[in-house]
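What you see below is based on every heavy atom in this structure, not just the backbone, and it leaves out hydrogens, waters and symmetry mates. Sequence lines set the chain letters: A, B, ... in the order given, protein chains first and strands last, and positions in each chain run from 1.
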Amino acid sequence: MPKLKVDGIEVEVPAGATVLQACEAAGKEIPRFCYHERLSIAGNCRMCLVEVKPGPPKPQASCALPAADNQEVFTTTPMVKHAREGIMEFLLINHPLDCPICDQGGECDLQDQSVAYGRGQSRFGENKRAVTEKYMGPIVKTIMTRCIQCTRCIRFAEEVAGVEEIGAIYRGENMQITSYLEEAVTSELSGNVVDLCPVGALTSKPYAYEARPWELRRTLTIDVMDAVGTNIRLDSRGRQVLRCVPRINEDVNEEWASDKTRHAVDGLVRRRLDQPFVRVNGKLKPASWDEAFAAIAAVDHGGSVAAVAGDLVDCETMYAAKVLLRGLGSSLLEGRQTGMDYDTSSLAAVNFNTTIAGTEEADAILLVGTNLRWEAPLVNTRIRKAIKRGAKVFAVGPETDLTYNAEWLGADLALLGDLPEAVVKAFANAKKPMVIVGGGALKGGHAASLKLVETLGLIKDGWNGFNVLHMAASRMGGLMLGYAAKGGIADLAEAKLAFFLGADEVDFSRFLGFKVFIGHHGDKGAAAADVVLPGASYAEKSGTWVNLEGRVQRGERAVFPPGDAREDWSILRALSDAMRATLPFDSFAGLREAMYAEVPALREQGLVTFDWNPPALDGTASGVLEGYPIKDFYLTNAICRASPTMQRCSAELVHGETFAEAAE
Amino acid sequence: MADAVHIPDEAETRARWGNFAWTDANAEQAKVVLGRYPAGREQSASIPLLDLAQRQVGAETHTQGWLPVPVIEFVARQIGVPYMRVYEVATFYTMFNLAPVGRYHVQVCGTTPCMLAGSDDVLAACKNRGLVKGGTTPDGLFTLTEVECLGTCANAPMVQINDDNYEDLDYDRTVAVLEALAKGETPTPGSTISRRASCPEGGPTTLKAMVDENHDYRGEWGTAHAG
Ligand code: SF4
Ligand code: FES
Ligand code: FES
């Protein structure tokens, strides 16, 4: 624990810390471009120069200098001031200074730091260097003349995303950052380089020229594209969400977001349901709310009512529907749209118990029927971190590129009962072993996976290595609210009246009764419904979501739903009146109170602890896994299917279509 | 300026070089090269293997050789490194040619010492012999590139042609070298005015008695001795 002085302030930093970190500990701001706390140290921009005693009589790059005992660091001396001015001047020599037409303007490190640390004016009268644009795919737009070659994007691609497709070619004055042969970067995380790039060299292609940062209203909420529960900020102007960027949450998404999280938002203004519809003579016809309610109230259901929750809905919506059903005399609830019927008697047995952040510490990992890269890209990055610390990864399932080397054991679930020697050995020696069971294996392999807890010794002191990986943002919340029928969705098929809460992935042909769709996008659900009630998307309502590790998180409303659409809970409230089963709350706060009273775990934000008392399930698994549940990462729900950016990503990155660069 | 050379990666290039594989001799040599580095450090072999590949391409096309993209990828696969990483290396070093070159790759040094000593004449000689900077002569014989210091400044001006240096050039001697090459001869590499390495022109100017045999100068110390 070195003790040193920064501008006279004594600080103690952990061993291995850098001088830059010591300066931050002392509350000093050190300008930087290449240094990033989540990437390896490059030390190539020189913006972080400070004066250090003892040491050579010249400024030193603080980001690459280990802090040592008795060092004295100065960050305000004339030497440091001059050094910063000099570096700034050099950086700006070849920078185009085109801030007025640059999308980074207003949130640009180079802009900010040149104002704070640069000289007032330039002395450079020569020609500037220019660099041609590079194609990096549908997400990242490049204006390479602005690049200051900090190499953050290269390091991100290599270290975090695990796709070594960005690099620096040529050298010296000719050095250029590019993707390999200017092909699209094939990462689900490529959008993060836009945030990382300290200048306007890499900007967001779908968001190009849309808005200036100071025009935007920022709303903090939770992403629903997968079950990770990425903490996001929605930036909106007027009634439209213009972009989505991640917030920092070390326990969940660190500071990353997948491309789907970021860029599905342009689907929020397309294919929206903005008024009720009622099916008349086989065709959906626009209707008023009253007409729609009357059509539903007219159904003679006799208590045979079901509710199916979609993948994106919040707990409040599910709770309101649950109470409505209770009032109508039914408890037919289900959220597992595709027909899963795993045992839910103990939620710990279907939870990601190790926690997302805990994954980093695992030293032996077995993936069972999960393509993590698509099912939860931000859990996948944690596994990459675990591997860096020495973890060994095995996988059961059809081989696929996970961005790291996993030892593929085969695709037959029977392997779970008869794991190869190497796996058994690795787990026997492991201090923190973990198994991740994906949706692909849950169907036939839940019991066999649970047995691994014993045979592989997954539970140790303070460590639970049994994990189920869900893919739907609504799943854990739904299970806590009882959205699980014994036999899965098949139990609901007979219902005379069925409510679909944004559920688009259901096999609707199995439902013979009257179908009511409450949701926001005109997708499969609306097409199959008898009555369509226009609801709010995740950006248009405040809500509670529980992520795959059982973390209760709340989001705020960013914009209002379009047209006649309403927040889902208020639709259900109004409908309950029409159906003479009035809900016992008439405000959102009242709903929440009632929900907390029924499921107290939802009251506090943060990790819910599920007691470990797994069900005694019978059965050995067998059967070969043919594939993984997600067939197309970019088109997993109604919002992304409506998003032109996601469509384009899917066409280009999943289906390999090429798009002419001339279109740029 | 930063508009770098166009790197050919068209269908023809892929078709011509997609099946690139070592010749038997080079396969052996590649093994030797890889053997120099510990297991897990195969990436270190990037440069020697790229060089080997460029030479093989040279032998196959009867030129000095270049590195088509599929060949770079071949090397990357052999050492188990992402394409991008090897591609970066290939573009970093000017010794690797990213586009086809002629039989002789004439690299004229134009950096200050050579420039002061007359590299303009060398370039003029090349130009008048029909060589164009960045291009290859129609007979496929010469590709001309102006390069930065090649570390032979003491014998400036100089030119590197394939693996050999020709030094102490002037206009006529440059023409002579090019003519000899065009005729298929191999002019003696090194100084074109018969200097030994970078020893003084016209023979030694000091310690002359040491030229042919060892000479003990100690007795002469202190006595006036011209030279
Ligand atoms: S493109 Fe941006 S992130 Fe990448 S090296 Fe250039 S300035 Fe850095
Ligand atoms: S931040 Fe230290 S050199 Fe770039
Ligand atoms: S300047 Fe020409 S070789 Fe050094």
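- For chain B, the nearby parts of A:E164 are the backbone and the side chain; heavy atoms of each come within less than 4.5 Å.
- No donor-acceptor contact under 3.5 angstrom links the side chains of A:T203 and A:K205, judged on distance only.
- Residue contact with chain B, scored on non-hydrogen atoms closer than 4.5 Å, involves the side chain of A:I154 exclusively.
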(request) Give the C-alpha distance, both sets of side-chain angles, the deciding distance and a yes or no for side-chain contact (heavy atoms from CB on, under 4.5 Å) between B:Y104 and B:L131. (result) CA-CA 11 Å; B:Y104 300 106; B:L131 279 64; over 6 Å; no
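- A:R171 and B:Y93 form no side-chain donor-acceptor contact under 3.5 Å, judged by distance and modelled atom types alone.
- Contacts between A:T145 and chain B at a heavy-atom distance below 4.5 Å are absent for every atom of the residue.
- Partners of A:K385 by salt bridge (charged side-chain N to carboxylate O under 4.0 Å, His left out), not counting sequence neighbours, listed by chain and number: A:E254, A:E360.
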